[in-house]
Number of protein chains: 2
Amino acid sequence: MTATTLHRPTHRDALYLLEEAFGDGRMVTLFGRCTVDYDGRATSSLGPGDRLVVCKPDGTILVHTDEKRKPVNWQPPGCTHRASVRDGHLRVRSERSTPTERLDVAFERIDQVTAYEVTDRSDLRLQGSEEDLRRRILDDPALVEEGFVPQATERETAAGPVDVFGEDAAGRPVVVELKRRRVGPSAAGQLQRYVEAVDEEFPDEGVRGVLVAPSVTDRARELLAERGLSFVAVEPVADEGDDESGDGDSVAKAEGDGGDDGADAGRDDGPDAGDDAADESDDAADDTAE
Amino acid sequence: MTATTLHRPTHRDALYLLEEAFGDGRMVTLFGRCTVDYDGRATSSLGPGDRLVVCKPDGTILVHTDEKRKPVNWQPPGCTHRASVRDGHLRVRSERSTPTERLDVAFERIDQVTAYEVTDRSDLRLQGSEEDLRRRILDDPALVEEGFVPQATERETAAGPVDVFGEDAAGRPVVVELKRRRVGPSAAGQLQRYVEAVDEEFPDEGVRGVLVAPSVTDRARELLAERGLSFVAVEPVADEGDDESGDGDSVAKAEGDGGDDGADAGRDDGPDAGDDAADESDDAADDTAE
DNA sequence: AGATCCATCTCGCCG
DNA sequence: CGGCGAGGTGGATCT
């Protein structure tokens, strides 16, 4: 009984299933021809068409067409779903407050309704996030530059929290902003805001700013240069070739350069050694489609 | 025949349906107990659980749990779906290149598979976007300030395209950055970048910057003040009460203030007249569920 | 393909 | 609840 399905149901029969499913916390999918109207942070209307509608027990609703990753219309978790039959349409309404938002789906034809029993307790483990990059930096601060000493993460400033705060070999304060992927102008601006804020805390100490990311766009590099900020290329996860055992002095892409007079404009963009052909799946499968 | 469903199918039967559906461009939903592994821009793995998987004919794949608006795992449009049966699992693999990414879903149990015929050709009409705000400003430049004369939209600068570029009553260049909703520090930084870029084009002309949005956070307001930039409160869509006919001098929230010596620190945050009780739906419906 | 920016961004965290 | 920033952001647009 984990999935209950009605094919081409009457609106009334579909309504009954929706009542039950909304009541006991099941997930619901509807497929059929419908229109969608939304009013809230913005306003939208969508003419008739065939769509897949998903109602989750946490109050989420999604309206998907046959294209794109994002739903054409939706409502976030925490909304209240209601269904009704009126004017010959099965209507699903989802509402919330703060902000006040309403989504209305009106089906003129329902091809299928299904209610699912869902029990999912398994957390996603993800690698390659900014936090992984931070761990990498803390594990081997020389990746930022020789002699860098981290002192705090998420250090609060007037402009917001700094990813990694520390000192360089000369004892100057260093603000490090981390990005898990190639950075553009906004990251440069963000780093600048942090450096300015810290600079007011430590006047005349020559606060430095370092953007750490896999790579940087040209314009962002210019912005950094204009503002006397540096860039260092580091991947969020260590390449396979790298020696990542305890005593890591072989990781030294950034070395030498005693950094004597502030703000060197950053080592160059890494060569990005690219994808090694590690296709570990021998596709001698039983059956294969498309 | 718009929806073909198999209940608790064998993996092999499910595979046949997937083959057909992938072949003739139908949308597919699968529900069952599965694990998910991803490798690409990052890497992730998800242990076994009941999930709803949606495969779109454009190459999108979505893995949804019973919570949240976003899929736990996904693959964007343009990917290639393949299905197979191996080691007692129904496997769905979705791949693409640039960047190289692979998603694997392995079902140990399939409760339901459905293939849908989808024909959707109806465009979403949405109001309240930044573009609406821009039209509003161009329609009535006095919303920015008395005497403002727009000269270009999306005007290119060394720092990127400026939303609205023009002149104030004194002939000084004005950079306007538009935001459809309340702005934080990043918008202030963005405006600053543009102003600096334009300032290099027009040295000694006292280029001004105006951030136009419904409201602003405290920190962003400080940043604007530090940089000599202004803020003007404007909603992306006109309030119902407003007179939006041709001769608009009733809209004048921003008036007077000849702006003689640059950079007034912005009129205050609008009062946000809030939601009027325009509940046009009398809910004397036939049937209503939860 | 890359760069830039908007988005009903969503999401989590923290005050 | 609002502010703030990350995200496998997605998506559009332009070069």
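Letters go in sequence order (proteins before strands), and every chain restarts at 1. Side chains included, hydrogens not; waters and symmetry mates left out as well; all remaining heavy atoms used.
Counting any heavy atom pair closer than 4.0 Å across all strands shown, A:S186 reaches no nucleic acid atom. Counting any heavy atom pair closer than 4.0 Å across all strands shown, B:A187 reaches no nucleic acid atom. Residue B:A220 is classed as having no contact, given no heavy-atom separation below 4.0 Å to the nucleic acid. Nucleic acid contact for B:P185: sugar-phosphate only, since backbone atoms but no base atoms lie under 4.0 Å from a heavy atom of the residue. Here B:T43 lies out of heavy-atom contact (under 4.0 Å) with every strand. Nucleic acid contact class of A:P77 (heavy atoms, under 4.0 Å, all strands): sugar-phosphate only. Nucleic acid contact class of B:E177 (heavy atoms, under 4.0 Å, all strands): sugar-phosphate only.
Checked for salt-bridge contact, B:R51 and A:D120 meet the test: a charged N lies under 4.0 Å from a carboxylate O. Electrostatic pairing of B:K56 and A:D66 does not count as a salt bridge here, judged by no charged N lying under 4.0 Å from a carboxylate O. Between A:E131 and A:R135 there is a salt bridge, since a side-chain N of the basic residue sits under 4.0 Å from a carboxylate O of the acidic one.
The interatomic distance linking B:L133 (CG) with C:dT8 (C1') rounds to 15 Å, in whole Å. Atom CG of A:L103 is separated from atom C1' of C:dT8 by 10 Å (rounded to the nearest Å). Straight-line distance from the CZ atom of A:R182 to the P atom of C:dT4: 8 Å, rounded to whole Å. Counting to the nearest Å, the C1' atom of C:dA7 and the CG atom of B:D132 are 13 Å from each other. Atom-to-atom, CG of B:L178 to C1' of C:dA7 comes out at 15 Å; the value is rounded to the nearest Å. Atom CZ of A:R155 and atom P of D:dG5 are 15 Å apart (whole Å). Spacing between atom CG of B:L62 and atom C1' of D:dG8 amounts to 14 Å, rounded to whole angstrom units. Following rounding to the nearest Å, B:E154 (CD) and D:dT13 (P) show an atom-to-atom distance of 12 Å.
Side-chain N/O atoms of A:T217 include one lying less than 4.0 angstrom from OP1 or OP2 on C:dT4. Contact annotation: B:Y194 side-chain N/O to C:dT4 OP1/OP2 distance is not under 4.0 Å. Between B:R181 and C:dC9 there is a side-chain N or O to OP1 or OP2 distance below 4.0 Å. Listed pair B:R41 / D:dA6 fails the phosphate criterion, with no side-chain N or O lying under 4.0 Å from OP1 or OP2. Within the 4.0 Å cut-off from OP1 or OP2 of C:dC6, at least one side-chain nitrogen or oxygen of B:Q190 is found. Not one side-chain nitrogen or oxygen of B:W74 sits closer than 4.0 Å to the OP1 or OP2 atom of D:dT9. Between A:K179 and the phosphate of D:dG5, there is no side-chain N or O to OP1/OP2 separation shorter than 4.0 Å. Put simply, B:S44 has no side-chain N or O that comes within less than 4.0 Å of OP1 or OP2 on D:dG8. A sub-4.0 Å separation between OP1 or OP2 of C:dA3 and a side-chain N or O of A:R219 is absent. Listed pair B:R134 / C:dC5 fails the phosphate criterion, with no side-chain N or O lying under 4.0 Å from OP1 or OP2. Proximity of A:R180 to the phosphate of D:dA6: no side-chain N or O atom is located under 4.0 Å from OP1 or OP2. Phosphate proximity of C:dG12 to B:K68: present, with a side-chain N or O under 4.0 Å from OP1 or OP2.
Side-chain polar atoms of B:S129 and B:R180 form no donor-acceptor pair below 3.5 angstrom.
In this pair, A:H81 and A:F22 present their aromatic rings tilted. The plane angle is within the 30 to 60° band.
Taking the side chain of A:R193 as heavy atoms from C-beta on, and the options D:dG5, C:dA1, D:dG8, the nearest nucleotide is D:dG5. Counting only heavy atoms from C-beta on, B:P161 has its side chain closest to C:dC5 among C:dC11, C:dC5, D:dT9. Here C:dC6 is the nucleotide among D:dG5, C:dA3, C:dC6 with the atom lying nearest to any side-chain atom of B:D163. Closest approach to the B:E130 side chain among C:dC6, D:dG7, D:dG10 is made by C:dC6 (side chain taken as heavy atoms from C-beta onward).
Ranked by how close their nearest DNA chain C nucleotide is to the 5' end, B:R69 and A:D218 are led by A:D218. The residue among B:G160 and B:L126 whose nearest nucleotide of DNA chain C is located toward the 5' end is B:G160. Residue order along DNA chain D, read from the 5' end via each residue's closest nucleotide, puts A:T98 first among A:T98 and B:G184.
The partner of C:dC5 is D:dG11, judged by Watson-Crick or G-U wobble contacts that both fall below 3.5 Å.
At a threshold of 4.5 Å between non-hydrogen side-chain atoms, the residues A:D163 and A:V176 do not count as touching. Using a 4.5 Å heavy-atom cutoff, the side chains of B:P57 and B:V118 are not in contact.
At a cut-off of 3.5 angstrom, the base of D:dG8 holds at least one donor-acceptor pair with the side chain of B:N73. Side-chain N/O atoms of B:Q75 and base N/O atoms of D:dG8 include a donor-acceptor pair closer than 3.5 Å. For B:E101 against D:dG8, a side-chain N or O and a base N or O form a donor-acceptor pair under 3.5 Å.
Interatomic distance, A:S94 OG to A:E101 CD, rounded to the nearest 0.5 Å: 9.0 Å.
When the C1' atom is used for both C:dC11 and C:dA7, the distance is 14 Å, rounded to whole Å.
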